[in-house]
Amino acid sequence: MTQTWRIDTAEQTLVLAARDARLAQVVYWGPALAADTDLNMLAQASALDVAAGMLDDHPELSICPEASQSFPGQVGLVVFDATGAQIHPKFRYACEDQDGAALRLSYTDETHGLTYTATFEACCDTNIIVAQASLTAQTPVRLHWLAAPVMPASQAATHMIDYAGRWCGEFQEVKTSWTAGIRLRENPTGRTGHEHFPALVVPELEGTYARGGAHAFHYGWSGGHRMIAEELPDGRRQVQFGAATGIEKTADTSFQTAPLYLTYSEKGINGCAVAFQRHARKHIVTFPDPDRPRPVHYNCWEAVYFDHNLPELQEIATRAAALGAERFVLDDGWFGTRDDDTRALSEWTVDARKYPDGLTPLIDHIHAQGMSFGIWFEPEMINPVSTVYDAHPEWALGDRDQILGRNQMVLNMALPEVRGFLFDRIAAILRAYDVDYIKWDHNRVLPQPDAAQTRGTYQLLDQLRAEFPHVEIESCASGGGRIDFGILQRTQRVWLSDSNDALERARIQHGASMFLPASVTGSHVGPRHCHTSGRVHSMAFRGWIAAQRHMGFEMDPRELTDEEAKTLTEITVWWKAERAWLMQADILRLDRLDPSILAEMHLAQDAQTFVVFANKIDSSKQILPRPLRLTGLDADALYHITLENRDEQSHLSRGPAVLKLHDVTLSGQYLMHHGLNLPWSFPNQTWVIKGLRQS
Ligand code: DGJ
């Protein structure tokens, strides 16, 4: 007996098939199939030959490959009974439920009292399929590994891309060739991490940003993931995602994976990126007031660090507002006796030495400048040097003699009393003051990963959001150490990186745009001498890099020359004029014919307007920049093209590159096939090119 199911979005179809009531396997995942496709025939067509030296039948590469089937690779479930003996389940079909775009398949193993359920939900408006698995047991079992529904990887792919990174260097793409055996990513740090963004991109053949087919995966969980990309001896390939192994610490009767976000696109890697960006905007992030334009931020961290002083902060606020800031975020240093990073985390009451009349004088001043007020917390952390630790050392996770991280320990978020304490302290601040934003930090890894910690944090965030629905939250973890769709379901912005170096930021933003839309990606203009790299960039370059995402400032505005202040003000005015569509645009990365140019095209939802940010990050190998091919346009339409920052021409640029001289009107075909000739420029400069559809 063969069973079949299909899940569709406009751009992709996923077909599952099963034989003799065994677990389903994905027999097709690719471009959308005709509605009348004969799925039984397709299931038959997916049968593989058997050659000498093989088993007599193929163990299925099912949604949960089973050891009991002699599966020649990594299995989808590793579970132990109460005595510690490993269970090798043999699941058989129990029931199903298909309701429109959602499919649920349940399987039982009666011998061991286990039920495995897989769900798939197609989001047609974003081209994302959300897959999730769960396991229930009649008596408590110990879970070591449960993969979200396991997917095949295309044998047409030559390589795969996953993500590495570090502090100030997030979202580094790692390209690995497909070869026999496993590519394994396991994140044992207990948080998403700079080093381990949980995702995989599998372009077919030599697919590029703009061309070819690609599959992509993102695991939406903040507690550390595991990924297996494996080529079996027979050539089949599988991709598994789940939480890091062993992070379920207690025996239980019910477990669930986080959602695995899946997409396939024929429009190159960009097609997958657009699916993730749109999904984040439409289904993951919820803004308290969706109509409120993203406010320009000012964050005082790199201006004053822990040295808070009311008159100084008031002067900074006045200057920030004059530059165009609309929200002032008071960073670390306002509470307890927090004079440096050795003490006081968890003492969430205002420091009366620095703020004798509380925060009201500062907030009133900020409001008088027309800005709203945001404030920094790092709720999940505690310094051993703190009054709270003195009273409750048992609240901290791990051994007393553990290696500290930034002089701090992690609070045990699984404890209701810890969550209750944090809720009360944060709520007291939110009730006492007019706060519209929290920057929620997390500056060290866990002493031991534990899924209960992540669930506890999610619970606290959910409780605070329910009580204070008007407050937006930013996820920060020494920059981009906790970015994923799990945390973004509870927050509205990520602090992508502690690097405000425009050059580094350009690269980090480019990598992150595979998943993150501009509206949630914080990007600030930092100090003239970058505090984390020592580099010095022009104000124009710093400003335009920040203007490519949710814009903000983080330098001491008192350091700005009049010229710098003028440039920044002008770029901020430009950003405000464009943000209504820009924050809803698709970010399309442009193929790099010239590796010295890192370029993105931000295309409005109605495809009538676009802006290309061509970031020159190095000198070109040849003297002139190669033409910049655009993408995503209507080949037959005409576009009016303007170089927005024509005034930034270099004195070494002497020729008639037309964009320097005047606007042009060109067809989509020309722009996508030949591309734009950019004026020559120094490295560390951005050309900003705006396009308006004419016909
Ligand atoms: C780490 C963050 O990434 C910084 O932006 C800043 O908020 C500091 N923590 C404050 O301690």
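One-based numbering, in listed order, for ligands and for the atoms of each.
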In short, salt bridge (Lys or Arg N to Asp or Glu O under 4.0 Å) pairs touching residues 294-309 with sequence neighbours left out are Arg294-Glu472
Is it true that atom NZ of Lys566 has more than 12 heavy atoms of other residues, nucleotides or ligands lying nearer than 6.0 Å?
no
The protein residues that pass the under-4.0 Å heavy-atom test against ligand 1 are Trp301, Asp331, Asp332, Trp376, Arg406, Lys439, Asp441, Asn443, Cys476, Ser478, Gly479, Trp495, Asp498
Could you check whether atom CG of Asp562 has more than 12 heavy atoms from other residues, nucleotides or ligands sitting under 6.0 Å from it?
no
Not counting sequence neighbours, which residues clear ring-ring contact (aromatic ring centres under 6.0 Å, His included) with Phe171? List them please.
Phe197
Write out all pairs satisfying side-chain hydrogen bond (donor to acceptor under 3.5 Å, both in side chains) with one or both partners inside residues 408-417, taking only residues at least two apart or from two chains.
Glu378-Gln408
Would you kindly check if the NZ (Lys) or CZ (Arg) of Arg338 is within the cone defined by 45 degrees around the ring axis of Phe306 and under 6.0 Å from the six-membered ring centre?
no
